[in-house]
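One structure is given below, encoded as structure tokens.
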Amino acid sequence: MNGIVPAPDSLTFERSAAIIFEEAMKRALITGVAGFAGSHLADHLRAIGQYDVFGIVQSPEDAAAAPISPDRAIIADLIDPVATRKAIERCEPELVFHLAAMAWSAASWNDPWGVMENNVRAQTNILEALTVVAPQARLLIVSSAEVYGKLKPNEIPVGEETPLRPATPYAASKVAQEMMGIAFAEAKGLEIIRVRPFNHIGPRQKPGFVATDFAKQIASAELGLKPPIIRVGNLDVERDFTDVRDIAKAYRLIIEEGQPGDVYNIGSGRAISVQKILDGLLRAAQIEIEVEKDPALQRPAETPRVVANISRMRAVTSWSPERDLMQTLAEVMDDWRDRLQEKTRVAT
């Protein structure tokens, strides 16, 4: 023996490097990873390159649609405590983004208890599982600006200390989620951060929200699936709209840099009228569209203007939205064209 240690072959070196790299990455779990915000969050985390991204989905179809590696998609019913615990055990996360929820505010009146049971029980199962399996994990509870309810003029812009006045079962369920998170943080020592996102828009959003409902009507007219008429409600109301991809970045920053126990508003910090949202979509339309007021879509009791105070979020993370609203609306239009063309192709 001459004392020379043979160099490892390149394959062994590559495998060792891959193991070290994987161990250095943070294990992040996204519930609702196949959904609107969840899918964009997964895209963002994977693009950063510092996270091993897992996701919980409800079905094989959702697993196939989720933008994560197939072996990282976990099919589990979060209403089932055993299934939830097994899902947490499988990935032993360091960061948990809890986005899964029934998210239609007005429609929550159709099944108030179903919304409350789904949203609160699912999160409670996650909290209990983390307490046992991953007590050091940091959890982001995604609440909603809906918890503020009908606002008074002197409460605009809306700060985190504004009284909570939930006006729908969905909003009430979000308040309950927040309170349950506080209880587990106090009693079990979990690191929990709460966020209250305001309106977010972008590709992949389901119908039931203003921008995507408008876009679907316009795209349907472009394809000849309906007359070139769009029916609208009150266009004068102003809301705080942010691109979902900016929201996803905010979630990542606040779970990393936020203070456990605190709550943070996430929004653009500016009020944008529904008229401006419609104008942006019509500007991206490929045909002339007639706008028709529909009294059935009017909501006279709603707060006329909502805008978020995001100073707390900015102070902690220096985050601010980056994407141009008109570009976002053009992408929403393209998304609906693609969806409806695919649906038409499959139907034929």
Side-chain angles (χ1 to χ4, degrees), residues 36-37 103-108 143-168 170-171 174 195-202 205-218 230-247 250 264-285 289 291-314 319-333:
F36 175 46
W104 290 275
S105 185
S108 66
S143 181
S144 168
E146 293 282 337
V147 299
Y148 295 119
K150 189 173 182 181
L151 295 158
K152 300 174 182 178
N154 66 338
E155 294 173 334
I156 306 296
V158 190
E160 289 88 352
E161 303 307 321
T162 301
L164 306 185
R165 308 184 192 96
T168 64
Y170 166 74
K174 286 296 176 179
V195 290
R196 295 172 184 159
F198 285 65
N199 299 67
H200 36 295
I201 58 177
Q205 191 169 31
K206 292 181 179 180
F209 302 90
V210 63
T212 195
D213 282 352
F214 287 165
K216 182 180 180 182
Q217 290 185 67
I218 295 170
I230 182 170
R231 292 178 172 80
V232 302
N234 186 355
L235 299 177
D236 296 327
V237 296
E238 296 178 309
R239 293 292 180 265
D240 191 314
F241 291 97
T242 307
D243 188 293
V244 66
R245 290 156 290 194
D246 283 324
I247 295 287
Y264 301 87
N265 284 340
I266 300 180
S268 68
R270 58 177 180 163
I272 299 168
S273 69
V274 174
Q275 178 71 64
K276 187 171 182 178
I277 296 294
L278 177 59
D279 290 345
L281 294 168
L282 291 174
R283 188 180 306 168
I289 300 289
V291 177
E292 188 176 279
K293 287 288 186 76
D294 184 347
L297 299 176
Q298 299 286 332
R299 297 178 184 174
E302 65 186 351
T303 304
R305 181 173 182 269
V306 175
V307 60
N309 181 338
I310 57 173
S311 58
R312 183 181 294 182
M313 177 72 185
R314 281 179 170 159
W319 171 88
S320 61
E322 299 172 355
R323 292 181 177 263
D324 177 72
L325 176 66
M326 291 301 112
Q327 179 60 36
T328 297
L329 294 174
E331 291 173 5
V332 171
M333 280 303 314

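Source: prediction; values computed, not measured.
- A side-chain donor-acceptor contact under 3.5 Å links Asn265 to the backbone of Val158.
- Ser144 contributes a side-chain N or O that, together with a main-chain N or O of Glu146, makes up a donor-acceptor pair within less than 3.5 Å.
- Under a 3.5 Å cut-off, the side chain of Arg196 and the backbone N or O of Glu160 do form a donor-acceptor pair.
- Here the closest non-hydrogen pair linking Ser268 and Pro321 is CA-CG, 3.7 Å.
- The minimum heavy-atom distance between Val147 and Ser143, with the atom names listed, is CG1-OG, 3.6 Å.
- When each of Thr328, Val244, Asp243 is checked for a side-chain contact (heavy atoms from CB on, under 4.5 Å) with His200, only Val244 meets the rule.
- Under the 3.5 Å distance criterion, the side-chain polar atoms of Asp294 are left unmatched by any main-chain donor or acceptor of Arg231.
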*asked:* side chain to side chain contact (heavy atoms under 4.5 Å, CB included), that's the test. Do Ile289 and Leu281 meet it? Break it down for me.
replied: CA-CA 10 Å; Ile289 300 289; Leu281 294 168; over 6 Å; no
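- For the pair Gly267 and Phe198, the tightest heavy-atom approach, listed with the atom from each and the gap, is CA-CB, 4.5 Å.
- A 4.5 Å side-chain heavy-atom check between Ile201 and Val210 finds every atom pair outside the cut-off.
- For Ser273, the side chain to side chain contact (heavy atoms under 4.5 Å, CB included) partners at least two apart in sequence or on another chain are Glu238, Gln275, Lys276.
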*Start with the C-alpha gap between Ile218 and Met333, add the side-chain angles, then the distance that decides, and say whether side chain to side chain contact (heavy atoms under 4.5 Å, CB included) holds.*
CA-CA 8 Å; Ile218 295 170; Met333 280 303 314; 3.6 Å; yes
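- For the atom pair Ile230 CD1 and Lys293 NZ, the distance stands at 12.5 Å (nearest 0.5 Å).
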*For side chain to side chain contact (heavy atoms under 4.5 Å, CB included), just list the numbers for Ile266 and Thr242, CA-CA rounded to whole Å, side-chain angles, deciding distance to a tenth of an Å, and then say yes or no.*
CA-CA 9 Å; Ile266 300 180; Thr242 307; over 6 Å; no
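- Inter-residue side-chain proximity for Thr212 and Lys206 is flagged as unmet; no heavy-atom pair is nearer than 4.5 Å.
- The distance from the CG atom of Asp240 to the CG atom of Asn199 is 7.0 Å, given to the nearest 0.5 Å.
- Ion pairing between a basic and an acidic side chain is recognised when a charged N comes within 4.0 Å of a carboxylate O; Glu155 and Lys150 show no such pairing.
- At least one donor-acceptor pair under 3.5 Å links the side chain of Thr303 to the backbone N or O of Leu151.
- Looking only at distances, a side-chain donor or acceptor of Thr162 sits under 3.5 Å from a matching main-chain atom of Gly159.
- Distance check, rounded to the nearest 0.5 Å: CE of Met313 to OH of Tyr264 gives 8.5 Å.
- When all heavy atoms are compared, the tightest approach of Ala211 to Val332 is O-CG1, 4.3 Å.
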_side chain to side chain contact (heavy atoms under 4.5 Å, CB included) assessment of Met326 paired with Glu331_ = CA-CA 9 Å; Met326 291 301 112; Glu331 291 173 5; over 6 Å; no
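- Distance alone, capped at 3.5 Å, is enough to place a donor-acceptor pair between the Trp319 side chain and the Asp246 backbone.
- For the side-chain contact (heavy atoms from CB on, under 4.5 Å) test with Val274, the passing option among Asn234, Val232, Leu235 is Leu235; the others fail.
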